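Notes to accompany the following structure.
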Amino acid sequence: MKDFAGKIAVITGGGTGMGRELARQLVAEGCNVAMCDVSAEAMAETKRLCEVEKLPQGLRITTHIADVSIEDHYKRFRDELIEQQATDKIHLLFNNAGIGGGGSLFTNTREQWECTFNICWGGVYLGVRTFLPLLVKADEAHIVNTSSVNGFWASVGMGVSHTAYSAAKFAVKGFTEALINDLRLNAPHVKCSVVMPGHIGTAIVSNSRKVQNGSDQLNADELKQARQRLHGQGVDVAALSDDAIQQIALDRARIFHDEAPTTAAAAAKIILDGVKADRWRILVGDDAQKLDARVRQAPEQAYTEQFYKSFVEEAGWRIG
């Protein structure tokens with residue numbers, strides 16, 4: 001698919017981050033967009049940003065409320081899209097929505113763990129299941145599933161558990177790789193790509209807390225985990241109040257967004273360029289490239305403290 005003009009794209013998680021930037025760049029190339037998110041306000045801002053420049057006549061941007069872990073929400077999204085976009089087919093599916101959290105089988109609840117897993121993995125699976133018939137009806141189509149560097153390296157540091165997100169992203173990567181041949185055998189005009197971003201400047205840290213907790217504040221379990229992580233980093237947590245820990249967490253979310261080595265806009269361009277080049281494996285960011293090479297070179301060392309520290313120094317990460 002060499003250009004997107006006149007095509008119809010579905011984007012999950014279109015309210016913020018990479019989803020918002022994918023929408024903006026696709027619309028700028030003359031592509032119709034149908035996005036979903038759990039936040040109507042966030043999607044309204046994405047739509048406003050897409051419409052800052054006068055849209056070509058007939059170009060459509062539609063917004064749809066949906067929790068991607070719930071199949072009935074997806075079906076409603078699909079039915080609304082068919083009506084509002086006046087179509088029975090789509091050309092692009094970006095399964096982009098995701099959250100963090102639920103990292104530990106010990107210190108997180110089962111509900112927290114499964115919330116993360118069901119959005120990050122279930123949202124991709126249900127997205128493909130729901131929209132595949134519409135993709136097959138197009139003359140050419142492309143599925144883009146967002147995994148992560150955590151789809152080949154299940155860690156964000158020695159002091160924090162990261163099981164739910166990593167398990168989900170490994171599932172997305174494996175599913176998409178297996179889908180290559182499934183599509184080749186049964187719908188060869190439909191292609192697919194797995195996207196593996198490194199540290200991208202998005203609001204996933206704060207958004208994840210809002211989904212998990214209903215606010216951007218840490219709950220009691222998360223406060224305990226934050227203290228444990230800080231203690232592992234050599235911080236004297238005994239001298240810190242809960243309010244101080246909360247502020248550190250808010251600062252971390254800000255730093256994650258503001259000081260990332262790759263912006264969401266740059267990430268979206270890399271992804272769209274990868275689709276145009278028909279690449280099935282899209283690493284996003286120099287840190288993703290470097291981490292991929294390191295893990296392949298020394299897989300048995302990938303979860304040692306030495307591996308993590310040396311990579312953080314090389315990549316300039318300020319997370320974990």
Side-chain angles (χ1 to χ4, degrees), residues 1-37 39-66 77 80-82 84-87 89-98 127 131 134-135 138-146 190-198 200-204 207 257-258 260-280 282-286 288:
M1 191 177 296
K2 299 304 181 185
D3 75 79
F4 306 127
K7 304 293 196 300
I8 301 172
V10 167
I11 304 170
T12 69
T16 59
M18 291 194 304
R20 171 176 288 175
E21 296 304 326
L22 285 167
R24 294 180 69 183
Q25 293 179 32
L26 285 164
V27 167
E29 294 198 33
C31 186
N32 300 286
V33 168
M35 75 185 85
C36 78
D37 202 286
S39 171
E41 294 79 8
M43 284 191 291
E45 177 62 10
T46 298
K47 186 174 182 180
R48 185 192 70 79
L49 290 168
C50 289
E51 293 173 341
V52 167
E53 300 294 334
K54 186 174 176 63
L55 297 178
Q57 185 174 4
L59 197 67
R60 295 179 296 277
I61 306 169
T62 57
T63 60
H64 311 264
I65 296 292
F77 176 22
E80 290 174 357
L81 177 152
I82 289 170
Q84 295 177 28
Q85 295 274 351
T87 187
K89 59 180 173 286
I90 65 171
H91 304 87
L92 292 153
L93 172 61
F94 294 89
N95 285 310
N96 164 79
F131 286 106
L134 278 69
L135 290 158
D139 55 352
E140 61 173 346
H142 205 115
I143 299 166
V144 184
N145 295 331
T146 300
V190 181
K191 310 299 183 184
C192 67
S193 300
V194 59
V195 173
M196 292 171 286
I200 310 300
T202 72
I204 188 172
N207 286 346
H257 181 281
D258 295 347
T262 305
T263 65
K269 185 178 188 309
I270 291 168
I271 293 166
L272 295 178
D273 286 348
V275 172
K276 289 178 180 177
D278 197 22
R279 287 167 45 211
W280 71 263
I282 304 172
L283 289 162
V284 181
D286 288 343

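Computed from heavy atoms alone, side chains included, the values below leave out hydrogens, waters and symmetry copies. Numbers for residues simply follow the sequence, beginning at 1. Everything numeric here is computed off the predicted structure, so don't read it as measured data.
In terms of modelled atom types and a separation under 3.5 Å, the side chain of T46 and the main chain of G15 share a donor-acceptor contact. A donor-acceptor pair is defined here as one N or O able to donate and one able to accept, closer than 3.5 Å; no such pair exists between the side chain of N145 and the backbone of N95. R24 places no side-chain N or O within donor-acceptor distance of the main-chain N or O of C50, the cut-off being under 3.5 Å. A donor-acceptor distance shorter than 3.5 angstrom exists from the side chain of S193 to the backbone of R279, with no hydrogens or angles considered. Side-chain atoms of N96 come within 3.5 Å of backbone atoms of G13 as a donor-acceptor pair (strictly under, hydrogens ignored). A donor-acceptor pair is defined here as one N or O able to donate and one able to accept, closer than 3.5 Å; such a pair exists between the side chain of Q25 and the backbone of A265. K2 contributes a side-chain N or O that, together with a main-chain N or O of K276, makes up a donor-acceptor pair within less than 3.5 Å. Between the side chain of T87 and the main chain of I82, no donor-acceptor pair closer than 3.5 Å is present. Side-chain N or O atoms of R20 include none that pairs as donor or acceptor with a backbone N or O of E45 at under 3.5 Å. Side-chain N or O atoms of E80 include none that pairs as donor or acceptor with a backbone N or O of Q85 at under 3.5 Å.
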Let's go through L92 and L26 carefully: what are the C-alpha distance in whole Å and the side-chain angles of both, what is the deciding distance for side-chain contact (heavy atoms from CB on, under 4.5 Å) to 0.1 Å, and is it a yes or a no? CA-CA 10 Å; L92 292 153; L26 285 164; 4.2 Å; yes
Tell me, with the steps shown, if H91 and D139 meet side-chain contact (heavy atoms from CB on, under 4.5 Å). CA-CA 8 Å; H91 304 87; D139 55 352; 4.0 Å; yes
Please step through side-chain contact (heavy atoms from CB on, under 4.5 Å) for the pair D278 and H142, ending with a clear verdict. CA-CA 9 Å; D278 197 22; H142 205 115; 3.9 Å; yes
What do the steps show when you test I65 against M43 for side-chain contact (heavy atoms from CB on, under 4.5 Å), and what is the final call? CA-CA 9 Å; I65 296 292; M43 284 191 291; 3.7 Å; yes
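Here the shortest heavy-atom pairing between A266 and T263 reads N-OG1, 3.0 Å. Heavy-atom minimum distance, A138 versus A141: CB-CB, 4.4 Å. Scanning both residues, G198 and A288, for their nearest heavy atoms gives N-CB, 3.8 Å.
Here the CZ atom belonging to R60 is positioned 9.5 Å from the CG atom belonging to L81, to the nearest 0.5 angstrom. The CG atom of L22 sits 10.5 Å away from atom CE of M35, with the distance rounded to the nearest 0.5 Å. Note that CD1 of I270 and CD1 of I282 are 9.5 Å apart. Values are rounded to the nearest 0.5 Å. The structure places CG of N32 at 12.0 Å from CD1 of I90, a figure rounded to the nearest 0.5 Å. Rounding to the nearest 0.5 Å places CE of M18 at 11.0 Å from CD1 of I11. Considering CG of L283 and CD1 of I271, their distance stands at 11.5 Å, rounded to 0.5 Å.
A salt bridge links K7 with E140: the distance from a Lys NZ or Arg NE/NH1/NH2 to an Asp or Glu carboxylate oxygen falls below 4.0 Å.
Ring geometry, F77 versus H64: the interplanar angle falls from 30° to 60°, so the pair is classed tilted.
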